Every structure is written in C-alpha cells, then in structure tokens.
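Let me begin by presenting the structure, written as structure tokens, before commenting on it.
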Amino acid sequence: MIYKGAEYSVTATSEPNVWQWRFQHDDMTTTGRTRTRLVHMPARRVHMRIDAARRASGPTAQNSNLEV
C-alpha cells in the first residue's frame, strides 16, 4: 500500500493481536511490530510513523514543489 508517497505493508504474525509492519521512505526501510486487537489500528500506527519520518526529513523534502 502507499501512503503519502511511502510504500508500506502490515501483516499478521502467528502471535495473537501482534502485527508486523514495514515502510520505505526515501532510501530507508523501517520495520517494527505492534500489538492491538483492532484490525485497522496497525495501519494507522504506520501512517503516524510515516508522518513522523517525513517531518524528520525536513521541510525541503515535503515542500519541494513550492517556489521560494
């Protein structure tokens, strides 16, 4: 799936209520696991991490199409 230009995936693990996620932003791949009973929560948590990674990469990466 793609969110704000970052490709990500969320998969269930063999453990109950544990999800594994991965996303790629720029040339960096970030992975992790999250525990939740709600089906849509892991994707939301990945979206939040993608937003944080975009903020950390600086305003020039987010606003590259704006003229100065």
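Computation of the quantities below employed the complete heavy-atom set of this structure, encompassing side-chain atoms and omitting hydrogens, waters and symmetry-equivalent molecules. Everything numeric in this text was worked out from a predicted model, so none of it was measured.
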How are the rings of Y3 and H47 set relative to one another: parallel (under 30°), tilted (30 to 60°) or perpendicular (over 60°)? parallel

Only residue of D51, V10, T30, T34 satisfying side-chain contact (heavy atoms from CB on, under 4.5 Å) with V46 is V10

Once rounded to the nearest 0.5 Å, what's the spacing between atom CD1 of I50 and atom CD of Q24? 11.0 Å

Does L38 reach the side chain of R44, with side-chain heavy atoms less than 4.5 Å apart? no

Please list all pairs passing the side chain to side chain donor-acceptor pair (under 3.5 Å) test where one or both residues lie in residues 12-23, with sequence neighbours left out. E15-R33

Could you check whether any side-chain N or O of R49 sits under 3.5 Å from a backbone N or O of T31, counting only pairs where one atom can act as donor and the other as acceptor? no

